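Read the structure below first, then the notes.
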Amino acid sequence: MPDFTAPTLTLPGGVIPVMGLGTWQSEGSDAELAVSTALQLGYRHVDTATGYGNEAQVGRALATRGIDRDDVFLTTKLPPDHADRARQTLMESLAALGTDHLDLWLIHWPPGGHARPDVWEELRRARDEGHVRSIGVSNYSIAQIDELIAATGEAPAVNQIPYAPVDHDAALLAAHRERGVVVEGYSPLKRTDLDAGPIADAARAHGATPAQVVLRWHVEHDVVVIPKSVRRERLEENLAALDLTLTPEEVAAIDGLGR
């Protein structure tokens, strides 16, 4: 098992660094440069998706950086409209990424709005055959997760959902934990008012940026977070959030921004 320097959470197939690089809307040479720069800075978790159209660029960055494959946690996602050709899509993803396995493969959205236990079975099969170390879902409700559990006896390792202080829902996080599902939050900064009082106050108190406070807040809640950027200075800033410590009072005040 790789010894990641960043904090991690445990999944059935290994450990996931709590801070990763999101690559949604990163395209072409920008995507390759962002991933390459992130790996140089110390990121060891990269999140992509078939639907992003940048798996090949992510794969090239991984190859050119010369980092051992097992030292990078790599996620991609099955598009809902590929639900009936999951195996073919996985093989295409592996080829584009230049790897023989994924650390995490997710169903990107509930296909047609349905949980689709049959598709979940395809992910389980891919995992059992060694193509994927952990499997999960994205944008699923608790009811849909329960449908997968009822049909197969296995919960997703991860549910990747939009998450930010405005989305904070302690009951939702608890429901995932009761089922052994790690929550991974996307669009953490895009969904946040960085001028909100509790965030700005914590930033001033710690000599940090509001964005760093938001990312650290996710970590305090054991929510994996995958901010995206193609700018080196922003990549550095985001990663440095791991060095920040928030007080319980500051975390609680930010929690209060939730609906």
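Bear in mind that the values here come from a model prediction, so they are computed numbers and not experimental data. Only this structure's heavy atoms are used, side chains among them; waters, hydrogens and symmetry mates stay out.
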side-chain hydrogen bond (donor to acceptor under 3.5 Å, both in side chains) between Thr50 and Ser93, worked out: CA-CA 7 Å; Thr50 298; Ser93 288; 3.0 Å; yes

Pair Tyr140 and His108, ring centroids less than 6.0 Å apart: no

Chi angles and distances behind the salt bridge (charged side-chain N to carboxylate O under 4.0 Å, His left out) call for Asp47, Lys77: CA-CA 9 Å; Asp47 179 276; Lys77 310 179 192 76; 2.6 Å; yes

Is the backbone N or O of [Y] less than 3.5 Å from a side-chain atom of [X], with the two atoms forming a donor-acceptor pair by type?
X: Arg60; Y: Glu55; value: no
X: Arg69; Y: Val72; value: yes
X: Asp167; Y: Ala164; value: yes
X: Arg234; Y: Val230; value: no
X: Ser134; Y: Leu104; value: no
X: Thr37; Y: Ala34; value: no
X: Thr8; Y: Pro17; value: no
X: Thr192; Y: Leu194; value: no
X: Asn54; Y: Thr23; value: yes
X: Glu154; Y: Trp120; value: no

Are [X] and [Y] close enough for a salt bridge, meaning some N to O gap below 4.0 Å?
X: Arg116; Y: Asp84; answer: yes
X: Glu129; Y: Arg125; answer: no
X: Glu32; Y: Arg65; answer: no

Any side-chain heavy-atom pair of Val119 and Leu78 under 4.5 Å: yes

Close side-chain approach of Val213 to Ile254, heavy-atom, < 4.5 Å: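 They are in contact (side-chain heavy atoms under 4.5 Å apart), so the answer is yes.
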
Residues in salt bridge (Lys or Arg N to Asp or Glu O under 4.0 Å) contact with Lys228, at least two apart in sequence or another chain: none

ring-ring contact (aromatic ring centres under 6.0 Å, His included) contacts touching residues 168-215 (sequence neighbours left out):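 Only His168-Trp217, His168-His221 qualify under ring-ring contact (aromatic ring centres under 6.0 Å, His included).
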
Nearest-0.5 Å distance, CD of residue Glu92 to CD of residue Gln88: 4.5 Å

Value rounded to 0.5 Å, distance of CD in Gln212 from CD1 in Ile199: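 Between Gln212 CD and Ile199 CD1, I get 13.0 Å after rounding to 0.5 Å.
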
